[in-house]
There are 2 protein chains.
Amino acid sequence: MKAINLAEKLAQFNNHWSPKIVGAFNGHDLMVVKVEGEFVWHSHPDTDDLFLVLKGEIDIEMRDGTVTLREGEMFVVPAGVEHRPVARSEAHLLLIEPAGTPNTGDPATAVVKDTL
Amino acid sequence: MKAINLAEKLAQFNNHWSPKIVGAFNGHDLMVVKVEGEFVWHSHPDTDDLFLVLKGEIDIEMRDGTVTLREGEMFVVPAGVEHRPVARSEAHLLLIEPAGTPNTGDPATAVVKDTL
């Protein structure tokens with residue numbers, strides 16, 4: 001059992017919108033991800049979606065408004081709420097989702113989440 | 001719906017070992033806490049225990065070894081594993097536990113978690 005150093009994990013990859021699993025918690029994946037640009041509009045019908053900004057800044061666009069998240073800020077998109085993350089420049093995030101949750105909300109378009 | 005700024009939440013209190021609820025995620029409380037000194041040995045039979053160090057450094061002592069966590073490091077104590085958090089000087093943490101989890105593992109000795 002050892003500490004999970006988030007910066008060290010983030011230094012191991014460069015691709016965007018491809019969450020990497022760094023740990024497990026109560027049936028959830030703990031993930032880090034690098035993002036830049038616009039993701040797709042999507043929702044997760046059965047799970048909330050947790051974002052914590054480790055570096056940079058992102059907008060979480062929702063149909064009724066946008067929440068801007070800066071470093072050290074966290075936001076939970078409630079289950080079923082359509083959202084689109086947008087990063088004007090590269091940002092680094094911690095994500096927590098139930099193991100197996102498709103990142104796009106749809107298994108057909110989801111990336112495979114590698115474990116670091 | 002707005003961003004949860006962890007530093008702003010932490011600036012609102014000074015007591016130690018008294019987690020404050022700052023959000024909710026899939027039936028879990030998202031909490032910030034300031035810690036200093038030794039907590040009690042305890043375990044949570046039904047839930048993992050997630051620690052993310054936002055500032056400072058803590059040791060998670062377990063019966064078979066100690067994990068040191070520095071700023072930006074995370075650790076999950078598996079359900080049922082006895083542990084004692086120790087901070088030589090003040091540290092600030094993000095904690096995630098199922099809503100209603102007693103911080104000491106025992107409802108009789110647990111603090112009431114206020115919401116910020």
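Just so we're on the same page: letters track the sequence lines, and every chain starts at 1.
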Hey, which of [options] has the most heavy atom pairs under 4.5 Å with chain A?
{"options": "E71(B), M74(B), E8(B)", "value": "M74(B)"}
{"options": "V67(B), N26(B), V77(B)", "value": "N26(B)"}
{"options": "T66(B), D46(B), D49(B), T47(B)", "value": "T47(B)"}

Under 4.5 Å from any heavy atom of chain B, what part of L94(A) do you find: side chain, backbone, both or neither?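 Just the side chain, heavy atoms under 4.5 Å.
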Contacting moiety of A24(A), where chain B heavy atoms sit under 4.5 Å: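 For A24(A), the contact with chain B is made by the backbone alone.
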Ion pair present between R70(A) and E57(A), side-chain N to carboxylate O less than 4.0 angstrom? yes
Of the listed residues (L69(A), I96(A), L54(A)), which shares the most heavy-atom pairs with chain B below a 4.5 Å separation? I96(A)
Is T68(B) in contact with chain A via its backbone, its side chain, both, or neither, using a 4.5 Å heavy-atom distance?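 Contact with chain A: backbone only.
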For L52(B), is it the side chain, the backbone, both or neither that has a heavy atom under 4.5 Å from a heavy atom of chain A?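 Interface part for L52(B): side chain.
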If the plane angle is over 60° it's perpendicular, under 30° parallel, otherwise tilted; pick one for F51(B) and H83(B).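 F51(B) vs H83(B) ring planes: perpendicular.
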Do Q12(A) and K20(A) come close enough that some side-chain heavy atom pair is under 4.5 Å?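 They are not in contact (no side-chain heavy atoms under 4.5 Å apart), so the answer is no.
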Pairwise side-chain contact, H42(A) with D106(A), heavy-atom cut-off 4.5 Å (strictly under):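 The answer is no; the side chains never approach within 4.5 Å.
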Which pair of non-hydrogen atoms, one from F25(A) and one from L30(A), has the smallest distance, and what is that distance? CB-CD2, 4.0 Å
Taking D48(A) for the side chain and P78(A) for the main chain, is one N or O donor matched with an acceptor at less than 3.5 Å?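 Looks like no, no N/O pair under 3.5 Å.
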